[in-house]
Novice: 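My structure is below; once you've seen it, I'll send some questions.
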Amino acid sequence: MWTADPGALEQLRTIFQGTLSANKNERAQAVEALNQAKEEQEFENYLVDLLVRDDLGAADVRAAAGLNLKNSILRNPHVARPYVLDTIMNGLLAKETMARNITGTVITSLFSIYGIDKWPHALSHLLSMVEAEDAAQLTKEAAMNALSKICEDSAYSLDKEYKGERPLNYMVPKFIKLAASREVTSVVRANAVGCVNQFIPLKTQSFLVHIDEFLQVLFSLASDSDCRVRKNVCTAFLSIIENRPDKLVPHMDGVVTYGLHSVQDDDEEVAMEACEFLLALADSPAKGHKESFRPKLQEVLPVLLEKMVYSEEEIFLIEAADEKDDARVADRDEDIKPSAAKAKEHVVSRKTEKKKKKQKEDIDEADDEVYDSDGSPIPRELTELSDDWDSDDNSDDDDELDTWNLRRCSAATLDALSLEYPKEVIQITLPILQEKIVSQEWPVREAAILAFGAISTSCMELASDKLPTLVPYLVERLKDAESRVRQISCWTVSRYASWVASEAHEGGTYANYFQPTFEAIVQCALDNKKVVQEAACSALSDFIEATDVSLIKYYVGPLMEHFAKCLHIYQRKNMVTLYDCISTLVDKIGVSTFNTKPEYVSTLLPPLLHHWEALKDDDSELWPLLECMASVAAAMGEAFAPYAVPVYERAVKILSNAVRMNQEVHTHPEIEAPEKDFIVTSLDLIDGLVQGFKGHSADLMKQHGANLMDILFICLEDPDDDVRQSTFALLGDLAIHVCDETILPYFDTLVWRIGAEINNYTYVRYPVTSNAIWAFGEMALKLPKEKVKPQVWNISTLLIRILNSPDSQHSVLENAAMCLGRLGVAGADDIAPNLPEFIHAWCAQMMYAPDNEEKESAFFGMFEIISKNPAQGFGPLNTQQGRKNLAVFLDCMANYEVTNEKLHNLFYDFLLGYKQIAAPHWEEVFAATSPQTQDVLRPVIS
């Protein structure tokens, strides 16, 4: 057995004391000595002795030794550590709390590396310490804490067999027994429940065979005096409703009552977990509990409304923050947290796909009260990096508000319940909200406005008679004396944008609502509070998206002037929202507007380019501006010409520099690689220029020395999905507009890359695959047939596999169907034999795809494929499957409103031809189509 040299141990103890010294010079010398000690082979053994055995050492010295031990273990995971593994458990016997806690952290780190196969006695040792009758309660708690961390970090590995045994088979029943025991402390009980909670999502038999027993223990612990136990009980119910809701259905009345009671718990964490449970209950797809939950709404909803009101502590922090939230005051560097760039995804409509936000994200956007160190607000989406913030940079007050909290969770739960039980929610909440929304107390008034936003969908469907009163009131609240009321009113008004916009037509009952509502939001975007500016700008984007372009065009001029003013007065942080709003508008109005109104260009571009020129190439604030410039360049088209060359040159420069530095980091580790967002956003800007200048974009590329295609090939090798996603989007647009100059010379190599991307498709990286397929479809359409034909069989085989997969994402399926059809133009002979294999899946995607040029070209290709073997193309028509395939194609045709005369004639010829080919079975085929199809086709074939 290894033993420490007493002199060396004393020397190391002295070094650690020095590293903790208040004297700067002494501390520096100690750190240097510590770095030298780290080179010693037995350094970790001495650390474990200081942590575990050194009763003479001060608590902070033992803690420092333990933290250094943990870091050393994580830095060198492949080292054998027999002495550390044999000794570390003794640290759980220490009298000092800090030493026990850090020992538990070290044990967790060791187990994450060595696992049960290389440290087989770790789990049994910890469990025996917890179960030992003669062990001190503090030791039991320390061992249980370590087990809790191990279960949290290594749940999946514990559900595997080792030497014929599965650890969870003996661990789960022991944890349940400990949770039920009154002979252990509440800390042990809480951690025992927490350990079991880690295994519920695994749906492992090791847990499921004990689930009924576990539920009984949970019921017995529901009123435990320790808030940690109650919190973990709520977490357990939450996990069970998400993974085995059937087990809670027989107990639903009691469980909901418990959740409702716990939402009102004095402990914030218990209340939060209980609210999460109610949210999961509302969102659960399982139907067994829906009816039993309905009678509880009368009790649940008022409590949720109450919990949406800011607490006194939150009000204090908000008021302190609002005093500093002056729109004229420049943002500090620490206020600006970079937001990730959004890689461009092409879908069949040829526009970037915009997804609906999940309820949590939607409520967060409404409730943006996230604060930086001085109390000033920062957007919630920028706080995801906060886990690694240094404690010196953030006040403790921030922690109260910068996370997903009870207020937000309550609002999200209300939102979910309003979708599941719209009638009941409206009946119960409206009388309460109508009273609270006019309260003289601003937090009550603000929470009621938030609630009206949360239930907006149900309000528009079931309480539309209230909207003519509600909407003007919300517009009036945009001028409220309290900035937080103005902020939340912006969001709630935006939730009713679709109703306001739908009424804004000639003859609309409330057509006169649009202008004052829209103009009030525009005015609010110039508020003297930054939080209100941001909320108004976001609401403006929602209104622009919801409003018909014919109406928006009346406001383009004033909006351009408004944006120019915002670009002049906004501080740096709110620029992100402003850029997004500008992008939304230019995407909406399109090229034709700018071509006929050059004054719009001269109003918007100078202030936008001022920011473009002011930011350095390595400034992360450039990312949202690059995205905005991409939309502007695409929308302005030739009107952007005076600025195109320098913008293109800088975009290529940023791209090539970022790509080069990302390559060099592999050979020069001392180089700090730039964020991939520089690559993504510069690719998107180049793509925007290509879309805007179309064929003339080739002239831009000729004026620049760098070979864009060489850079793009490097990007296609990048492991980052966002980089490849935007690269394929750009390649597709290059194929559309400048195919001969860019794609043609490199086509064979590009096919190999696209095939690899399709072959490696997973659900997680679907946007990359979707773009790759779309890009190939554009190439197949633009390139000479003789160039494409040799590649048709390989790519079509991959696409058929994707199309028939039950796990493929919608945009991937739709693009695969479009691409397969287009390949028929160049390689119908190669695809025709496989037609019966995929025609049903193809029609399922094409049936409801937008009626546009892409769909048109796909149908032209499909008729080429069918024409190669008309008699047997859908399969033998004397078989049920053959007739079914033909019938579904007829449904697909009938659902397509054809405007192209040539394609219309192909449809007509196909119908008449197949009526003859399938004559013996025609009536059966026709009867298999939908009634709508029969109504459409009967006049044609009669």
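Remember, it's a predicted structure, so these values are computed and weren't measured experimentally. Numbering of residues begins at 1 and proceeds along the displayed sequence. Heavy-atom basis, side chains included; hydrogens, waters and symmetry copies ignored.
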Novice: If you take all heavy atoms of Ala330 and Gln571, which pair is closest and at what distance?
Specialist: CA-OE1, 3.0 Å
Novice: Would you mind telling me which of Asp733, Leu700, Leu708 makes a side chain to side chain contact (heavy atoms under 4.5 Å, CB included) with Val690?
Specialist: Asp733
Novice: Can you tell me how far the CE atom of Met629 sits from the CG atom of Leu608, to the nearest 0.5 Å?
Specialist: 5.5 Å
Novice: Looking at side-chain heavy atoms only, is the closest gap between Leu712 and Leu734 below 4.5 Å?
Specialist: yes
Novice: Verify, without hydrogens or angle tests, whether Thr547 (side chain) and Ile544 (backbone) share a donor-acceptor contact under 3.5 angstrom.
Specialist: no
Novice: How many angstroms lie between atom OG of Ser726 and atom CG of Leu685, to the nearest 0.5 angstrom?
Specialist: 11.5 Å
Novice: Between Lys616 and Asp618, does any NZ, NE, NH1 or NH2 come within less than 4.0 Å of an OD or OE carboxylate oxygen?
Specialist: no
Novice: Parallel, tilted or perpendicular: which fits the ring planes of Trp499 and Tyr510, with parallel below 30° and perpendicular above 60°?
Specialist: tilted
Novice: Go through the structure and list residues passing side chain to side chain donor-acceptor pair (under 3.5 Å) with Ser656, not counting sequence neighbours.
Specialist: none
Novice: Going by the salt bridge (Lys or Arg N to Asp or Glu O under 4.0 Å) test, name the single residue among Asp527, Asp325, Asp480 that passes it with Arg486.
Specialist: Asp527
Novice: Could you tell me whether the side chain of His737 reaches within less than 4.5 Å of the side chain of Phe693, counting heavy atoms only?
Specialist: no
Novice: Tell me whether Ser494 contacts the main-chain N or O of Trp491 through its side chain, where contact means a donor paired with an acceptor under 3.5 Å.
Specialist: yes
Novice: Quick one: side-chain hydrogen bond (donor to acceptor under 3.5 Å, both in side chains) pairs with a partner in residues 638-649, sequence neighbours left out?
Specialist: Glu638-His696
Novice: side-chain contact (heavy atoms from CB on, under 4.5 Å) for Phe452 and Leu430? Distances and angles first, verdict last.
Specialist: CA-CA 9 Å; Phe452 267 115; Leu430 275 189; 3.5 Å; yes
Novice: Answer whether the closest heavy-atom distance between the side chains of Glu627 and Trp623 falls below 4.5 Å.
Specialist: no
Novice: I'd like a table of donor-acceptor pairs (distance under 3.5 Å, sequence neighbours excluded) in which one partner is a side-chain atom from residues 549-563, with atom names and distances.
Specialist:
{"unit_1": "Ser550", "atom_1": "OG", "unit_2": "Asp548", "atom_2": "OD2", "d": "2.3"}

Novice: Look up atom CD1 in Ile582 and atom OG in Ser541, then write down how far apart they are to the nearest 0.5 Å.
Specialist: 9.5 Å
Novice: Any side-chain to backbone donor/acceptor pair from Gln809 onto Ser811? Under 3.5 Å, distance only.
Specialist: yes
Novice: Can you check whether Ser620's main-chain N or O pairs, donor with acceptor, with Asp677's side chain at less than 3.5 Å?
Specialist: no
Novice: Nearest 0.5 Å, what's the CD1-CD1 distance between Ile449 and Ile488?
Specialist: 8.0 Å
Novice: Below 4.5 Å, heavy atoms only, C-beta onward: do Phe518 and Val475 meet side chain to side chain?
Specialist: no
Novice: In Å, rounded to the nearest 0.5 Å, how long is the span from CG of Leu433 to OG of Ser439?
Specialist: 12.0 Å
Novice: Can you name the closest pair of heavy atoms from Lys855 and Ala849 and give their distance?
Specialist: NZ-O, 3.1 Å
Novice: Quick one: pull up CZ in Phe640 and CZ in Phe594 and give me the separation to the nearest 0.5 Å.
Specialist: 10.5 Å
Novice: May I ask you to check whether over 12 heavy atoms, not counting those of Glu519, lie within 6.0 Å of atom CD?
Specialist: yes
Novice: Taking C-beta and beyond as the side chain, do Leu478 and Ser489 meet within less than 4.5 Å on heavy atoms?
Specialist: yes
Novice: Counting only heavy atoms from other residues, nucleotides and ligands, does the tally under 6.0 Å from NZ of Lys436 exceed 12?
Specialist: no
Novice: Where is the tightest heavy-atom contact between Thr727 and Val723, given as atom of each residue plus distance?
Specialist: OG1-O, 2.6 Å
Novice: Could you pull out all donor-acceptor pairs under 3.5 Å where a side-chain atom in residues 463-471 meets a protein atom, sequence neighbours excluded?
Specialist:
none

Novice: Does Ala520 offer a backbone N or O that forms a donor-acceptor pair with the side chain of Lys479 under 3.5 Å?
Specialist: no
Novice: Is the closest side-chain heavy-atom distance between Met636 and Leu604 below 4.5 Å?
Specialist: yes
Novice: Using every non-hydrogen atom in the two residues, find where Ser538 and Thr577 come nearest and quote the distance to one decimal.
Specialist: N-CG2, 3.7 Å
Novice: Go through the steps to decide whether Arg572 and Glu621 satisfy the test side-chain contact (heavy atoms from CB on, under 4.5 Å), and finish with yes or no.
Specialist: CA-CA 8 Å; Arg572 293 151 59 198; Glu621 291 181 46; 2.7 Å; yes
Novice: Is Asp722 paired with Lys676 through a side-chain N to carboxylate O contact shorter than 4.0 Å?
Specialist: no
Novice: Just to verify, what does Glu856 make a side chain to side chain donor-acceptor pair (under 3.5 Å) with, not counting sequence neighbours?
Specialist: Asn900
Novice: Please output the side-chain donor-acceptor pairs of residues 453-460 that fall under 3.5 Å, not counting sequence neighbours, one pair per line with the distance.
Specialist:
{"unit_1": "Ser456", "atom_1": "OG", "unit_2": "Gly453", "atom_2": "O", "d": "3.1"}
{"unit_1": "Ser456", "atom_1": "OG", "unit_2": "Arg495", "atom_2": "NE", "d": "3.2"}
{"unit_1": "Ser458", "atom_1": "OG", "unit_2": "Ser418", "atom_2": "O", "d": "2.5"}

Novice: Does NZ or CZ of Arg477 fall inside the cone over Tyr473's six-membered ring, less than 6.0 Å from its centre and within 45° of the axis?
Specialist: yes
Novice: Within the 4.5 Å heavy-atom criterion, are Trp442 and Tyr310 side-chain neighbours or not?
Specialist: yes
Novice: Salt bridge check: are Lys529 and Asp322 linked by an N-O gap of less than 4.0 Å?
Specialist: no
Novice: Taking side chain as C-beta onward, heavy atoms only, is Ser682 less than 4.5 Å from Val652?
Specialist: no
Novice: Does atom CD of Glu613 have more than 12 heavy-atom neighbours, drawn from other residues, nucleotides or ligands, at distances under 6.0 Å?
Specialist: yes
Novice: So does Gln523 have more than 12 non-hydrogen atoms from other groups sitting under 6.0 Å from CD?
Specialist: no
Novice: Show the nearest heavy-atom pair for residues Ala735 and Met779, with the distance to one decimal.
Specialist: CB-CG, 3.7 Å
Novice: Between Ile654 and Leu622, what is the shortest heavy-atom contact and its length?
Specialist: CD1-CD2, 3.5 Å
Novice: Between the side chain of His611 and the main-chain N/O of Leu567, is any donor-acceptor distance below 3.5 Å?
Specialist: yes
